[in-house]
Structure formats: structure tokens, C-alpha cells
Amino acid sequence: MKKLKKTAALMVAAAMCVSMNAGMVAYAETLEGEGSSSADVTATYESSEAATVYSVDITWGSLEFTYKAEGTGTWDPSTHEYITSDDETGWTYEEGSNLVTITNHSNSAVGGKISCTTASAYSENVTLSMELGNIVNENGGYEAVDFSYVGTPENVKYENVMYYLSNAADCALEDPDSAAYIKIPFILSGDPDEFTESVTIGTVTITLTSAAGCSNIDEYLTSQGYL
């Protein structure tokens, strides 16, 4: 009889070990010695700082130009003369088609460079350039643009406009339309040789970089090695 009780106790103890391994509460008639159970405690840290999200719109005008060559003018039968006017010759374009606009909707400042070059096949007689005096920049009172030149104004490839657009979280909280932007007009000048079909007369290039940690154009230019 004693032997049967011992066997039963061993079976209960074995069942207890199995139950503890499975993470369940075990019951036994007797407990000899010392037992223990432990588990690791894990934790995750979530920063309250928002992640940086970059969103920059670049809106391109068609950048299509037409050159009207100087001719004999319009015949006036009443005076028997050809009449010419300045607006009948030279480079023309549809309103707004010569504009490129860069708008920053990011929660970080951004910056970059705008440049333009005339195609080598036409650079002898034609110059593609930016109307520097007519560049528009608005961003709720924050500085948006500065200029840096490579070469001299006489060099058709000299123009590099360095721009800085403020963090939209700083200047567009109440009105998304007040986000920092820069609007650049491009023009063509000179008298090209005659051509009979649409050609690529030049190229406009926009580069974009992060300006995180910069609060103005000088800090951005310094971070890029320009100052």
C-alpha cells in the first residue's frame, strides 16, 4: 500500500513539472525543497519627436519659347510702307510658361541650387538665363533665397541660384498655402540661326538637399561649404 502511494506522489510531481513548463498553475499534494519561476520584462521606448517627412513640390512651366525673326513688317496699303513693331520680333512665350516654382511642405527646412545652361549648339548666339531681379520668394516672413555665382555675368553658364526654404511646421501651421516657396522666371536672349523645327535650346536643373538643423540661408550655405 505504501508503494502505491509513493508512485502516485511521483506521478503528481511529474505532472507539476510539465504544467510549470507549459506556463500553467500546477497543484501537488506535497512540495519538497525550493521551487522558483521567472520571466523577462521587456520595454519599448517611443520618442515623442515626430519623424521627418519630406514633401517638396516642383512645378514646371512648359518652358516653350518662340523666336520671331525680324522681317519686312506688315504692309500698309494706305502708306505703301511696311510697318514693324518691337513686339513682333524676338523671343516670346505664353504667360507663366517660363516659370519654375519650388514649394516646401516638409517638417524640415530644405535647400538646393537652381542652374541653367544653353545647349552648346546654340550658345554662340543664344543665352538661357534666370531673371534674377524677378525671382519671387514667400514663406510667411522667413528668408527663402540667396544667390551664389560661378564665373562672371558675361559667362552664359555662370548662374547658380542657391535657395533655402523654411520648415513648413514653422511657417505654415495655420495656412498650408503659406508654405515657403521660390518662383524663378527663365528667359532667352540673342538671335539664333534659323531652324525649322522645335529644338532643345537649353536645360534647367534643380537640385534639392536637406537643410535640417539650419534656421536661415547663411547656415545652410555654410553647411554646404559655400561660406
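Worth knowing before you read on, the calculation uses all heavy atoms, side chains too, and leaves out hydrogens, waters and symmetry mates. These numbers come from a predicted model, not from an experiment.
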What heavy-atom pair brings [X] and [Y] nearest, and what distance separates the two atoms?
X      : Y      : result
Ala211 : Ser108 : C-OG, 4.5 Å
Gly213 : Glu219 : O-OE1, 3.7 Å
Thr200 : Tyr122 : O-CE1, 3.8 Å
Pro192 : Asn125 : CA-CB, 4.3 Å
Met130 : Phe186 : CG-CE2, 3.2 Å
Gln224 : Ser210 : NE2-O, 4.5 Å

Ignoring hydrogens and geometry beyond distance, is a side-chain donor-acceptor pair present between [X] and [Y] at under 3.5 Å?
X      : Y      : result
Thr209 : Tyr220 : yes
Asn104 : Ser106 : yes
Asp218 : Tyr164 : no

Residue pair Thr103, Thr59: steps toward the side chain to side chain contact (heavy atoms under 4.5 Å, CB included) verdict: CA-CA 8 Å; Thr103 306; Thr59 305; 5.8 Å; no

Calculate, to the nearest 0.5 Å, the distance between atoms [atom1] and [atom2] belonging to [X] and [Y] respectively.
X      : Y      : atom1 : atom2 : answer
Leu165 : Asn137 : CG    : CG    : 8.5 Å
Trp91  : Asn98  : CH2   : CG    : 13.0 Å
Ile206 : Ser115 : CD1   : OG    : 7.5 Å
Leu188 : Thr92  : CG    : OG1   : 10.5 Å
Thr66  : Tyr93  : OG1   : OH    : 12.0 Å

Answer yes if [X] and [Y] sit in the same cluster of Ile, Leu, Val, Met, Phe, Trp and Tyr residues linked by side chain heavy atoms under 4.5 Å apart, and no otherwise.
X      : Y      : result
Ile135 : Ile58  : yes
Ile102 : Trp60  : yes
Leu99  : Leu128 : no
Ile187 : Ile182 : no

Check: Thr207 side chain, Lys113 main-chain N or O, donor-acceptor pair, under 3.5 Å: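 Between the backbone of Lys113 and the side chain of Thr207 there is a qualifying donor-acceptor contact (under 3.5 Å).
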
Side-chain donor/acceptor of Asn167 to backbone N/O of Ala109, under 3.5 Å: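 Not at all, since once roles are kept as given, no pair shorter than 3.5 Å links the two residues.
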
Val100 and Ile114: CA distance, side-chain angles, deciding distance, side chain to side chain contact (heavy atoms under 4.5 Å, CB included) verdict: CA-CA 10 Å; Val100 176; Ile114 308 159; over 6 Å; no

Pair Tyr67-Val126, side chain to side chain contact (heavy atoms under 4.5 Å, CB included): steps then yes or no: CA-CA 11 Å; Tyr67 182 79; Val126 176; over 6 Å; no

Test log, rule side chain to side chain contact (heavy atoms under 4.5 Å, CB included), inputs Ile184 and Val204: CA-CA 11 Å; Ile184 314 99; Val204 174; over 6 Å; no

Residue list, ring pair (Phe, Tyr, Trp, His ring centres under 6.0 Å) with Tyr54, at least two apart or on another chain: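 Tyr54 satisfies ring pair (Phe, Tyr, Trp, His ring centres under 6.0 Å) with no other residue.
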
Contact check, side chains of Tyr163 and Leu208, non-hydrogen atoms, under 4.5 Å: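 They are in side-chain contact.
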
